[in-house]
Number of protein chains: 2
Amino acid sequence: MPAGQTAAQAPRSQAERTAESDARMLAAAVELICEKGADGTTLKEVGERAGYSRGLAGYRFGNKAGLYRFVVRAIGEEWLAELGRAVGRRVGLAAIHAATDAHARFISRGDLKTRAFYILWFSSVGPEPALKSVIAHIHARRQQDVEQWILKGIANGEVSAEVDVTSVARHFCAAIIGIVYQWLVTPDDQSRISAMHADLKQQMGLSLPPPGKAAAREQADE
Amino acid sequence: MPAGQTAAQAPRSQAERTAESDARMLAAAVELICEKGADGTTLKEVGERAGYSRGLAGYRFGNKAGLYRFVVRAIGEEWLAELGRAVGRRVGLAAIHAATDAHARFISRGDLKTRAFYILWFSSVGPEPALKSVIAHIHARRQQDVEQWILKGIANGEVSAEVDVTSVARHFCAAIIGIVYQWLVTPDDQSRISAMHADLKQQMGLSLPPPGKAAAREQADE
DNA sequence: GTAAAACTTGCTTGTTTCAAACAAGTATTT
DNA sequence: AAATACTTGTTTGAAACAAGCAAGTTTTAC
């Protein structure tokens with residue numbers, strides 16, 4: 001039984017109980033992943049740190065992969081919603097700049113959730129089908145969003161129709177991943193991360209020229 | 001006792017024995033990491049698949065982190081040497097283009113070693129100090145090499161002195177990481193990877209303009 | 001309408017299995 | 001015979017699952 005709450009004897013519904021234990025175990029998992037890594041975290045500790053028994057995490061999520069799937073899904077959805085709000089109704093380069101800024105804020109906020117999210121993100125590269133599919137899904141949605149922004153920018157007349165939409169979107173997503181990697185392995189240097197986001201925004205400006213000027217791609221092909 | 005080799009009864013030196021068992025365990029580890037991921041690989045299986053007892057890998061490398069340190073160091077050194085040969089005495093943009101091409105060949109060669117190397121690379125993001133320091137070292141060397149190429153390109157008069165050397169080098173390394181990530185999670189699409197390397201080369205061309213023209217950075221700041 | 005019985009679900013505790021880690025032993029080279 | 005490569009025994013601890021207890025929820029009886 002979770003500590004505290006001795007005052008109210010009113011019986012909580014089962015839905016409330018699971019919601020609370022889920023939330024507490026999510027928080028515990030985030031802490032432990034940041035402290036000991038995804039590999040070093042044990043289901044036993046997650047349950048106990050959340051204020052329950054050693055067995056609850058295993059019972060609720062089935063296994064470690066199930067727990068991590070839950071964690072990534074929960075934080076990922078939260079982040080995608082925040083990203084949507086930050087971008088708003090912007091399109092084209094403006095949308096990409098807003099998204100980049102939101103991402104910069106997201107990872108420089110010093111939130112444990114962000115760090116745990118990306119630790120799990122990179123841990124899923126191996127042939128573990130469980131987590132991988134969840135992350136691939138988030139990744140694909142991200143990239144589709146970026147493609148949509150560019151396409152709407154073209155339709156809007158802000159971006160040249162000659163740009164290779166999927167190629168630029170892919171490049172953007174890859175660059176974000178690269179930045180996140182740098183941040184994870186050297187989290188101390190805060191200004192470095194801001195600089196990399198600024199660089200990326202500027203690079204995307206070159207990749208998405210207005211219709212009048214030739215696309216950067218053609219410029220470079222002598 | 002490793003199977004085969006029944007013909008020669010000539011006693012092998014101890015150095016030869018360890019060299020062989022090291023090599024066999026390296027190969028076994030690479031296979032297992034690709035099959036089951038870094039997490040799913042066990043020291044027991046590594047020893048047994050290499051043709052030895054269940055205990056040898058643990059005895060030789062101390063623990064799993066030690067094995068992975070060995071694997072990353074071995075493959076990493078091999079790759080850095082290959083990279084050095086590919087770049088040769090080139091400097092500036094030519095060096096970066098050659099390095100990008102070499103990297104494209106490296107990861108599109110379909111070699112299990114490459115895949116295992118990068119699986120371990122990404123697995124080290126958590127707070128596991130052991131592997132992390134080895135990888136951080138390789139990462140730092142890569143980035144220093146890139147900085148040197150750019151600096152020599154500037155000294156050579158091929159590249160504008162106005163470019164922010166560390167910033168561009170960092171961006172290049174981050175982009176490579178991003179591409180590797182894409183390759184690891186969706187290894188099927190071969191042409192996608194080539195396209196991303198081509199994009200990167202072209203982007204670097206914009207980031208490293210010749211001395212006459214203004215740097216891309218200044219161009220974008222309206 | 002309400003109270004007790006029947007059922008469902010949240011959570012805990014026992015138990016098995018298996019890998020990690022290390023100690024102690026055997027075989028091979030010097 | 002001394003040292004080194006390698007193997008085997010043993011302990012510890014987590015994962016996974018089964019079985020049980022307790023709290024919540026629905027059904028039935030009056």
Side-chain angles (χ1 to χ4, degrees), chain A residues 1-6 8-26 28-29 32-33 35-70 123 126 128 130-131, chain B residues 1-6 8-26 28-29 32-33 35-71 123 128 130-131:
Chain A
M1 51 204 81
Q5 263 75 345
T6 49
Q9 277 294 11
R12 297 170 307 159
S13 75
Q14 310 226 96
E16 281 174 328
R17 286 176 61 179
T18 54
E20 180 174 340
S21 58
D22 269 4
R24 293 170 76 114
M25 285 196 286
L26 173 61
L32 286 163
I33 289 165
E35 285 172 24
K36 317 189 165 189
D39 201 35
T41 296
T42 69
L43 291 170
K44 180 177 168 242
E45 276 177 306
V46 171
E48 286 172 347
R49 183 172 295 206
Y52 296 89
S53 70
R54 67 165 223 274
L56 182 59
Y59 167 77
R60 180 70 51 80
F61 304 109
N63 49 33
K64 227 161 143 175
L67 167 64
Y68 290 160
R69 221 163 34 227
F70 173 78
S123 301
E128 301 150 74
L131 234 191
Chain B
M1 47 204 80
Q5 263 76 343
T6 48
Q9 277 293 11
R12 297 168 307 160
S13 76
Q14 310 227 99
E16 281 173 328
R17 284 177 61 178
T18 54
E20 180 173 342
S21 57
D22 270 3
R24 294 171 74 115
M25 285 196 287
L26 173 61
L32 286 164
I33 289 165
E35 285 172 23
K36 316 187 164 191
D39 200 36
T41 297
T42 68
L43 291 170
K44 181 178 167 240
E45 277 178 306
V46 170
E48 287 172 348
R49 183 171 294 204
Y52 297 89
S53 70
R54 63 164 226 272
L56 182 59
Y59 166 76
R60 179 70 50 79
F61 303 110
N63 48 33
K64 224 161 144 176
L67 167 64
Y68 290 160
R69 223 164 31 230
F70 173 79
V71 171
S123 301
E128 302 150 74
L131 234 191

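Treat the numbers as computed from the prediction; the structure is a model and nothing was measured. Throughout, a chain's letter reflects where its sequence line sits, starting with A, and its residues are numbered from 1. Atom set for the values below is all heavy atoms of this structure, side chains included, hydrogens, waters and symmetry mates excluded.
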Rounded distance in Å - [atom1] ([X]) to [atom2] ([N]):
| X | N | atom1 | atom2 | answer |
| --- | --- | --- | --- | --- |
| Lys36(A) | dA14(D) | NZ | P | 9 Å |
| Glu16(B) | dT30(C) | CD | P | 8 Å |
| Asp22(A) | dC11(C) | CG | C1' | 13 Å |
| Glu48(B) | dT8(D) | CD | C1' | 12 Å |
| Arg24(B) | dA5(D) | CZ | C1' | 14 Å |
| Leu43(B) | dT8(D) | CG | P | 17 Å |
| Met25(B) | dA5(D) | CE | P | 11 Å |
| Glu20(B) | dT4(D) | CD | C1' | 16 Å |

* Asked: Which parts of residues 55-65 of chain A get close to DNA chain D, meaning a heavy atom less than 4.0 angstrom away?
  ->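 Contacts with DNA chain D under 4.0 Å: Asn63(A), Lys64(A).
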* Can a donor-acceptor pair under 3.5 Å be found between the side-chain atoms of Arg54(B) and the base atoms of dG9(D)? ->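 Result: at least one qualifying N/O pair found.
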With no hydrogens and no angle check, is any side-chain donor or acceptor of [X] less than 3.5 Å from a backbone partner on [Y]?
| X | Y | answer |
| --- | --- | --- |
| Glu16(B) | Ser13(B) | yes |
| Lys44(B) | Ser53(B) | no |
| Thr41(A) | Leu32(A) | yes |
| Tyr68(A) | Leu131(A) | no |

* Kindly say if Ser21(A) contacts the phosphate of dC11(C), meaning a side-chain N or O under 4.0 Å from OP1 or OP2. =>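 So the side chain of Ser21(A) is within the cut-off, an N or O lying under 4.0 Å from OP1 or OP2 of dC11(C).
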* Looking only at side-chain atoms of Thr18(A), point me to the closest of dA21(C), dC11(C), dC6(D). =>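 My answer, after comparing the listed nucleotides, is dC11(C).
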* Counting heavy atoms from C-beta on, name the nucleotide in dG9(D), dG24(D), dA20(C) closest to the side chain of Arg17(A). =>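 Nearest to the side-chain atoms of Arg17(A), counting from C-beta on, is dG24(D).
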* **Earlier contact from the 5' end, DNA chain D, for Gln14(B) and Ser53(B)** =>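 Its nucleotide being nearer the 5' end, the pick is Gln14(B).
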* To do: Nearest 0.5 Å please: distance from the CG atom of Leu26(A) over to the CZ atom of Phe61(A).
  =>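 One gets 7.5 Å once the value is rounded to the nearest 0.5 Å.
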* Supply the atom-to-atom distance Phe70(B) CZ to Arg60(B) CZ, rounded to the nearest 0.5 angstrom. =>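 Reported to 0.5 Å precision, the distance equals 8.5 Å.
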* **Ionic contact status for Glu45(A) with Arg54(A), cut-off 4.0 Å** =>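 A salt bridge is absent here (no side-chain N lies under 4.0 Å from a carboxylate O).
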* Asked: Between Lys44(B) and Ala15(B), which has a closest nucleotide on DNA chain C that is more 5'?
  ->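 Checking each residue's closest nucleotide, the 5'-ward one belongs to Lys44(B).
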